[in-house]
Amino acid sequence: MTHPLYLDYAATTPMAPEVALAMAQCLTLEGDFANPASLQHSLGERAYHLVETARSDIAELLKCKASDLIFTSGATEANNLALKGLAFSPQNTLKHIITSATEHKAILDTCHSLETQGFTVTYLKPDHNGLINLETLLEAITPDTFLVSLMHVNNETGVIQNIEAIAQALQERQQAFPNHTLYFHVDAAQSVGKLAIDLSQTPIDLLSVSAHKCYGPKGIGCLYIRNRKRQHLMPLMQGGGQEFGLRPGTLPTHQIIGMATAFKLAAHSLEKDQQHAEQLAQFLTEQLNTLKGVHFNGDQQQKLASIINISFDDVGSDSLMIHLKDQLAIANGSACNTGTIEASHVLRAMGIEGDRLYGAVRISFGRYTTAQAIQQAGQTLYNEVLRLRQLALEL
Ligand SMILES: *Cc1c(COP(=O)(O)O)cnc(C)c1O
């Protein structure tokens with residue numbers, strides 16, 4: 001098999017070699033494999049300290065308290081725990097949730113499930129550029145609203161919501177409701193380690209984190225819950241009481257160490273990674289802009305440089321992807337809709353239609369993508385778009 005150029009970093013990233021090494025040291029008899037809850041012996045104690053050091057390292061990146069982090073299997077579980085945990089909390093009597101139509105399926109499907117259980121959900125439509133209008137959001141709030149859930153960076157377009165401004169506005173609006181809390185949850189799966197997040201300054205109540213979008217292992221993440229709100233969440237599972245009983249199950253030391261190592265690396269190289277991504281984005285954009293009928297989807301200013309969503313007039317994304325399968329690993333639609341070619345719900349919600357909707361592909365890259373690879377990918381795409389257009393003319 002030829003190894004295609006990997007340009008699907010928004011689906012998952014390759015693990016940093018430093019992360020793999022740190023994880024390997026937590027697996028075998030010689031390593032820190034013990035159960036971090038086995039405090040009766042020193043091996044368990046060691047594992048416990050490793051886990052708690054990792055928790056502090058992650059808290060440092062997010063500028064929050066270590067005790068406000070609950071380890072989960074990833075952002076999907078963190079999103080489920082946040083939404084269902086609050087909805088079904090014994091303290092909660094309210095029924096209305098606000099989210100956006102461009103969220104990840106882990107939010108949308110959880111909301112759909114809640115709708116079948118007596119909750120009502122408003123799915124805000126973004127502007128054409130993918131940004132949620134703050135006024136529209138504030139107008140959607142009713143006395144029955146207990147939760148606003150919005151993503152930080154969109155996984156398909158890279159568009160960055162201004163969560164700082166939204167959090168401030170919601171905090172002000174809270175004053176209209178002295179008898180209940182209006183929670184703000186942020187799905188930060190695509191932004192942690194790529195954009196600075198400061199929970200000490202931003203009044204976010206809950207935040208979902210994933211390791212594998214940022215050079216860490218798959219299958220681990222965490223949910224940040226601002227301290228005084230933890231007891232308000234209902235656990236999704238019952239078990240051994242780990243993580244304050246909110247997320248029972250033996251803590252996977254290797255996964256947690258892997259996540260912390262990845263985030264420490266990311267914090268260290270945040271600016272370097274950003275500059276690298278910007279440079280690659282510029283190369284690719286310039287190269288593809290020499291084609292006619294090219295559309296970049298989503299706001300091009302308020303956007304992560306490492307995700308490019310693009311449509312080519314008269315070229316379907318499925319034929320482009322099929323022909324480039326052995327050369328480029330890129331994505332169309334949502335990566336999670338495996339096997340089905342379904343138009344992107346994100347672009348559709350942004351009001352993008354027709355060719356531009358069905359032709360959209362996502363190219364995403366990162367720390368290990370070289371300028372040479374990007375230029376090669378750009379050339380390959382360029383040639384294939386021209387070839388497919390020529391072919392269509394000849395039919
Ligand atoms: C990848 C992703 C998720 C799911 O995260 P997992 O850790 O894979 O469960 C949720 N939200 C967004 C925005 C994502 O990109």
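Predicted model, so just to flag it, every value in this text is computed and none were measured. Indexing begins at 1, ligand by ligand and atom by atom, following the structure's order. Note that these values count all heavy atoms, side chains included, but never hydrogens, waters or copies made by symmetry. Counting from 1, the numbers follow the sequence of the chain as shown.
Residue Asn155 places no N or O, backbone or side chain, under 3.5 Å from any N or O of ligand 1. In terms of N/O distances under 3.5 Å, ligand 1 is not approached by Glu77. Considering backbone and side-chain atoms alike, Ala75 places an N or O below 3.5 Å from some N or O of ligand 1. Checked by distance only, ligand 1 and Ser73 stay at 3.5 Å or farther apart across all their nitrogen or oxygen atoms.
Of all atoms in ligand 1, numbered sequentially from 1 with element shown, those under 4.0 Å from a heavy atom of Gly74 are 7 (O). Counting the atoms of ligand 1 from 1 in the order shown, those under 4.0 Å from a heavy atom of Met151 are 13 (C).
Expressed to the nearest 0.5 Å, how far OG of Ser364 lies from OH of Tyr6 amounts to 6.5 Å.
Closest to atom 7 (O) of ligand 1 among all protein heavy atoms lies Ser210 OG, 2.7 Å. Scanning all protein heavy atoms for the shortest distance to atom 8 (O) of ligand 1 gives His212 NE2, 2.8 Å. At the shortest separation from atom 9 (O) of ligand 1 among protein heavy atoms lies Thr76 OG1, 2.6 Å.
Below 30°, between 30° and 60°, or above 60°: for Tyr123 and His112 the angle between ring planes is between 30° and 60°, a tilted geometry.
When the heavy atoms of His152, Gln190, Lys213 are ranked by distance to atom 14 (C) of ligand 1, first place goes to Lys213. Counting only non-hydrogen atoms, the option in Ile220, Val209, Thr102, Asp187 that gets closest to atom 11 (N) of ligand 1 is Asp187.
A donor atom on one side chain and an acceptor atom on the other are not found under 3.5 Å apart for His212 and Thr13. Neither side chain, Asp144 nor Thr142, offers a donor N or O lying under 3.5 Å from an acceptor on the other. Of the N and O atoms on the side chains of Thr202 and Glu164, not one donor lies less than 3.5 Å from an acceptor on the other residue. Between the side chains of Gln282 and Glu286, a donor-acceptor pair is found at a separation under 3.5 Å.
Taking the six-membered ring wherever Trp is involved, the centroid distance between the rings of Phe365 and Phe283 does not fall below 6.0 Å.
Residues Lys218 and Met15 have side chains not in contact (no heavy-atom distance under 4.5 Å, counting atoms from C-beta outward).
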